[in-house]
Every structure is written in C-alpha cells, then in structure tokens.
Amino acid sequence: MTVMEPNAPVTDVELDTDADTEAVDTTAHVATATEPRSDPSAPAEAALTASDLAPQANGQLTAEAPGEITPIPIPRPFPFPLPYRMASGRYRSRPIGYQLELRVDIDGARPLRRLSGDYYSISGAAVSYFGSWTVDAVTVQTSTSHVTVVGTARTTWSTTFTVATVTIPRAHLGRPAPAATIEWSTPSGAKGARYHCMWESTSFRTVELEQDCESGVTPFSSYDTRSLPSGGPARTLSVTNAFAEAGVQMLDTGGGNVINTPSGYLWTNASLHHAMQRHFSRWQEQPQYKVWLLHARAHEFGVGLRGIMFDQQGLQRQGCASFYQAISSGSAQNQREQLYVNVHELGHCFNLFHSFHKSYMTPPLPNRPGALSWMNYPNNYNPGGGAPSGAAAFWAAFGFEFDTLELAHLRHGFRNAVIMGGNPFGTGAALEVGEEFLDRMSDTSGLRLGIAPADPRPLLGMPVVLNITLTAERTQMVHRRDQLHPKYGFVHLAVSRPHGDVIVYQPPVQHCAEPALVNSGHDDVLPISAYIGYDAAVGQLFDDPGTYRIRASYAAPDGTMLVSDTATLRVVAPRMSSDDEVAELLLRDQAGMALTLLGSDSPYLADGTNALETVVAEHGEHPAAVFARLALGTNAARPFADVDDTGSVRIRERDLARADELLGAAVDASRGDSGLDDLTVYETLGYLAGSFEAEGETDRARDLRHDAATLAESKHAPTSVLRSLQE
Amino acid sequence: MSGSDAGSSSGAPAAEPGPGTFAVELAEGFAGDDVSVLIDGRQMWHRNGVTTNYSVGIADVVRLPLPASAWPTVEVQVGRRSATQRVDVTGLGTSGGELRLRARIDPAGALTLGTASDEPRF
C-alpha cells in the first residue's frame, strides 16, 4: 500500500518503518559504515581509523576462554577527550513507498540550524520526485547519547504532520556514522510517519560537474587566498573546494573536451547552448543535479563579460561559461578573478541571482549590495553607512563564500528551486527565505504588505480570492487602493503549487493605467480583494487538492520593493458528489475566464457561462453558487455590446431585475462569515447601485449604497473602504 | 565526448567588433518586451520578446553604425515607454573606442537610458 502523503502515519507492514526497517536498516548501516561512499568534503576525522580508537573508545573486552587466568587489563587512559562526530549532513531512508533524503544542518561549518528534505515516490522500479520540506529554525537538545532536533516544517504538499523530530545517536570520531530517525507529528501531538535514514554524506547535496574547454584557453585550477589580501582564512581554493565549503559536493566528472573554434571566435548564447547539447555528455532535458561549465575565450556581449549562465531556454540552468579573454594571465589578480567567475556562474546554475538583482527575482527579494558573497559584483559592493565600498573594499573583506541566505538556498531550498533543469532562473528561489528578513524590510520602508486568502481551506473548484492589504505606517505616497489589484501590475503574486512548481501569476486581463497615487500614513490600511483562480498562461491555478503557498510583492512609487509574508491555502478534495460536480464545472477553462470577467455574453465563453448557470440552477445551495451568482448578476447589471462580422454593434441592455435577484442572493448569503468576502460584498452593492442609478432608479440606488455603508460600518471596515463607499 | 568544432545554431560565428563602435546595451528589467532603438528619429533596430538574462543583467547588446551627426539623439522605445539620450560620438570612428549606452527598466517600471560603465560583468 502506498499512502497519499509521506508524513502521515501508516499501519501497513510494508511501510512500518518502526519495526520493519529497524532490523534491515542495521544491516544497511553496517554496510554504509564499512563501505563509505566517496565524499571529498568529508572532515579530517576520516584519517582516524576505527582500529586506532576502538579499544579506548568503548572499553569493550574480548571474550576469554573459561578457566584461564588473565590479568585484569588496565585500560590505558586516552590522552585527550575524544570528540564526537558531526551530526550535520545528508541521510537517506530505504526506498519503501517513499524515500526521504534528509538534510541536518546543526553543527560543522557555518551551521544554519535548519532541517530539510526531499521525498521521492517509489513505485516498482520507477522513482519520481514527490515534494520537499524545510524547517527554518530548530531547537537542538544534546545529551550524552543523542542529539534531538525539533522544528515545524513548511512543505510543498498538503499535510497536517508538520512537526519534525530528528534523533541522532552521538558517536565518537572514528566510529561509524549513526543513522538519523525522523518522526513526524501534528502540532497537537498526533503521531505521523517515522523514517530511519542512513548517513550518506557530510555534504547536503551532490552535483556532477562536467567541464569542457575552448581551444587555446587554459582553464582555472586553484587559487591560494594568501596571494592577495582577503577577508577569510588562508587556504587553496578550487571550484569544487569552494562549493564543498558551502556544503555542496561537486563531483568533477571530467569531460575535458577541447572545443575547436576559429581564431577570434565570439560565443553567442545560442552557440553556447548548442555546444552544451553537443558536448555535455550528461545533458538531458530533465531536472538533474548535473551541470556543465565551459572555459571559453570571449562572448559577443563584449570583453567586459567574464562569464554567463546562458541556459535560459527549455529546462534552464544546466550550463554556464566563463570567459578568459581579459583574465588569462597567471597573475594573482587574474587567478582570483578566474576562481570568482567560475564559482559565480555555477552559483547561477543553482538559481542564485546577483546580490544587487534580488529585486528582479520572482517573487522578488530586497537587494543586498553589501553582501560579501560570490554572487555580488566587487564593483557594486556597498555595505552602506559610509563604510568603504567598491572593488578594493570588497576584495579586502571577501572571505570567498556565499552569504547566509544563499547558503540556506543551496543547502535547504526546495528541490525544484535548486536543481538544474528545475524552476526557471530566478523563479521560486525566494520562497524558502526566512520570514525574519521580510520583517526587517517592512521596518525600513514604513509600509507593510499583507495577504490572506478569503477562504484558507476552499473546496476544490471554489474560486480563490486573495485579500491584499497595504498598510502605510508613516506618511508617504502609495498607489490608490484599487490599483493594488494584481491586474494593474503594481502588485505581483507568486504561487507555489502542491507539486512544487511556482507560477508567477499573470492576470488574464491587465489594466494599463497611469499610477494614481494617494497620500497615506498613520497606519492607513488599504485593502483590496482579487479573484486569482485563473491565470493567463496556465489557466486554472488551483486545480489540484493540496497546499498552495502565495507571496506578493509591491513596487511602491519610490522604487521600494515590498514583499509580503507567505500565505498558505489548502485546497480540500471534494467530499460529496455535488462537490465533485461543482468542481468539474468551475474548473473548466472558460469558467475561470468568465469568473475573471464577472460574466460575459460572449459566445466564445458560452461553455463557461453555461457552467455558472448550471451551478446556480442545479447546485444553488453549494458554497460556490454565490460566486456564480456574482458573475452572472454583475454581467446582467451592465449592457453588453456585441460586434458581428459585418461590424454592426448590437447592445444588450441591462437586466436589472435579474441582476437584483442574483446579486441580492449572493450578498444576502454573505452577510455573515461565509460566502463572498466583505470587500466584494460592498463593491457588489455599490456596483448594483450604480446600475440602478444609470437607469434613473435613484431610490433603489440610494438604498443599496446605504446598505453597503451600514454593513461596512458594522463590520468595522477600514476608513479607506468607508471613504470609497461614500464617493 | 571528443574534441570538435563549437558549432552554431544561429548562423555564422560572431565577429570581433571593429574599431570605433557604438552600442546600446539593453540591461535589467526586460521581460518579453517589444524594443526599438532609434537614432535621430530613425528606427535602426527592432526586436520582439526582449528578455534580460539576469546572470549578466543584459538582454542584448545592439551594435549600431556610427551616426552621421556628431551629437545624435538615441532613443530606446519599450512598448509605449521611451527614453532618449544625446551623445557625443565625435572622433569615435578614429579613436577605436567603444561608446556604450545602457537602457534599463527598474522594478517599478521606469525606463532609463544612460552611459554604460566599462566595469566587468559576470
């Protein structure tokens, strides 16, 4: 039996990791210990062998034959306390149902106090990626026998078992690396699945690196950081060493093609991609931890271009190139720059943006121009506060390492945001960043961007509405409230879906409008609600049950880029046959578009309109029916112009009786806590009032406006909303 | 895996630019845009779908013939947005240098055009 999600408890014997795998795992554990896997980044303790230390370490006695007189052995005191092995590293469970790759990051070099993992679904001989999880902050308890690590996980799929407890026995140096056991539970303590994971490597990830070289180019080998002043400890760094320090094992698989080119050849991005497909022996159009690096001479963009991650078509980030034209000599400066360029370009293949380009990511993050990172430009280095900036200051302080957030991404980012051939370049790499970073951003801008789904647990097929709120803590110009709707392009959304893909939301209808700015401050709250269920590129956005994570960004008029916290939405699977029928109707492509447009007479959307009509007629009591009534009623409240093939225009006039009936029912069903969100209710009443007013029915219009204002006041709507209802 | 030619999927290999070049670098912020470059009001270059490669912060480098006038006005149009810059190309044809402008779109959507620095890019 295969369970539907890997954190849930299982009772089936096949998956009972408690009893079944303990015994099997022990064997596997011994095998692992006696046949250690190749790990170039393993720590120095590997130099100490078990036979060197075993007698002293545990004081075990050899069994003696009975009757023999044996002097009592006096244990020779060990000359110094024997240290323990690190617990950090990568562990892996047996491939039964699901296989877990577990990453523990609590000690060793630059520990981030995080856990993360990837699940792979096993079906016969087929292995497929299931999902990823990460714990951003853990508590660690260490006893003489065990290390216990506990924290709450964010996952790419829907689960209530989010509390991870990892237990790792402590072992002295020279002893085999113990296995880690992870046990899942709900926040209230209900037990979930348990996985016994063999130690695999001190590296958090392993990537195969294949390098080829253009004729006439001498590829970089290593650089001694003592050659020039720097900010880090002295050591000799190669590309693989630099990544090993970050916790990523780069397995250099050779390659070594010499690619012959004509004299003075300039590479283009197209020719680089072609060369990758031709010479990268491990290249495939699928996500894999394999990457190609070409050492080349020059690119058509100019002599100033030292390197590029050119692979931005199809499945991206599988290849990069460094250009030696201006840095080919053996001078220390050039050797240092060669190291920097090669590590930097490979960093892009892991989906890392420049420190000063983070605001262009999807979703964006604040830039970090003061980062002493492989991903910053030395020339752009600016720590602020009047501290020295520019290339000289950068190199003097640079420790030849990634910054902490980049390290978190490399080690613990969700698999598709990291793996070559996963998410497109720059997409999804911000979703795993800790919330504390965003808090700091809010403090400096005086603005707060908040998002929350109107219904955090909608049934499959229910239209998804997002409440977006901008709060201005101090007086400044911001966009008018209505322009915070994503369709105006000032607010952008990224949605991480249950299967790990990340969609940058593209509204099907985009409004091109001059920015309308208002002066806000004193904690003014500007809320807007937006239907986001239908995307211009992918169509229905929430078409699977599971957990969706949404983050918004807002480009303020002064150029500040604000990022919201992450909102979580769990789409619930249909419970009854009527839920299933409604989901089938509302997840039709045209239904999504009809909901976006709030109804239409267009024959091109007839299927969607019919679906809405069917929901009202046959499932009138279903919670989704209010949305169908909203769309159909709003459409009835306005004229519709139809242009035929001859260019003649036929106007369908307002049908206020039908609009009143449909919208009145939708509003009445939403006066409490269910149905439409409050903002939509006020706007609907206002829209209907405007329609009546346009037809000269001012008394009805006044009543509707009064109803909207009274309702809004009773629900303590923000001042900005009350003001707009009076306009 | 044997040594062979580089190959090209986009026609003939590119050539080194000659002495005295004039270029407009389309830098950050381009995302599938329709871009035109005009000199003294005359369209010299146009392309659809211009998109920045953020590993270098460049979408494209538009190499242009040296303008006839000494102080031409360069205009970059991105959709309905436009930015202009008047530049001095006096002596560029004989000096062998390169004059490079950089057009970029900031995250809030503003298009700017200025002189590109000659600092390295990675």
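Letters A, B, ... mirror the listed sequences (proteins, then strands); counts begin at 1. For clarity, every value in this text was computed on a predicted model and none was experimentally measured.
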Aromatic ring proximity A/Tyr360/A/Phe353, centre distance under 6.0 Å: no

Atom group of B/Asp118 that falls short of 4.5 Å from chain A, counting heavy atoms: neither

For the student: nearest non-hydrogen atoms of A/Gly426 and A/Asn351, plus distance: N-OD1, 2.6 Å

Contacting moiety of A/Glu337, where chain B heavy atoms sit under 4.5 Å: side chain

Considering all heavy atoms, the nearest B/Arg102-B/Ser117 contact: NH2-O, 3.9 Å

Inter-chain contacts: residues 30-44 of chain B against chain A, heavy atoms under 4.5 Å: none

Within the 6.0 Å centroid threshold, strictly below: A/His295 and A/Phe220: no

Pairwise distance CZ(A/Phe301) to CG(A/Asn269) - rounded to 0.5 angstrom: 5.0 Å

Heavy-atom closest pair, residues B/Val56 and A/Gly307: CG1-O, 3.1 Å

B/Pro120 versus A/Tyr377, closest heavy-atom pair with distance: O-CE2, 4.0 Å

Shortest non-hydrogen contact between A/Arg317 and A/Cys349, atoms and distance: NH1-O, 2.8 Å

Part of A/Phe425 within contact of chain B (heavy atom distance under 4.5 Å): side chain

Part of A/Phe310 within contact of chain B (heavy atom distance under 4.5 Å): backbone

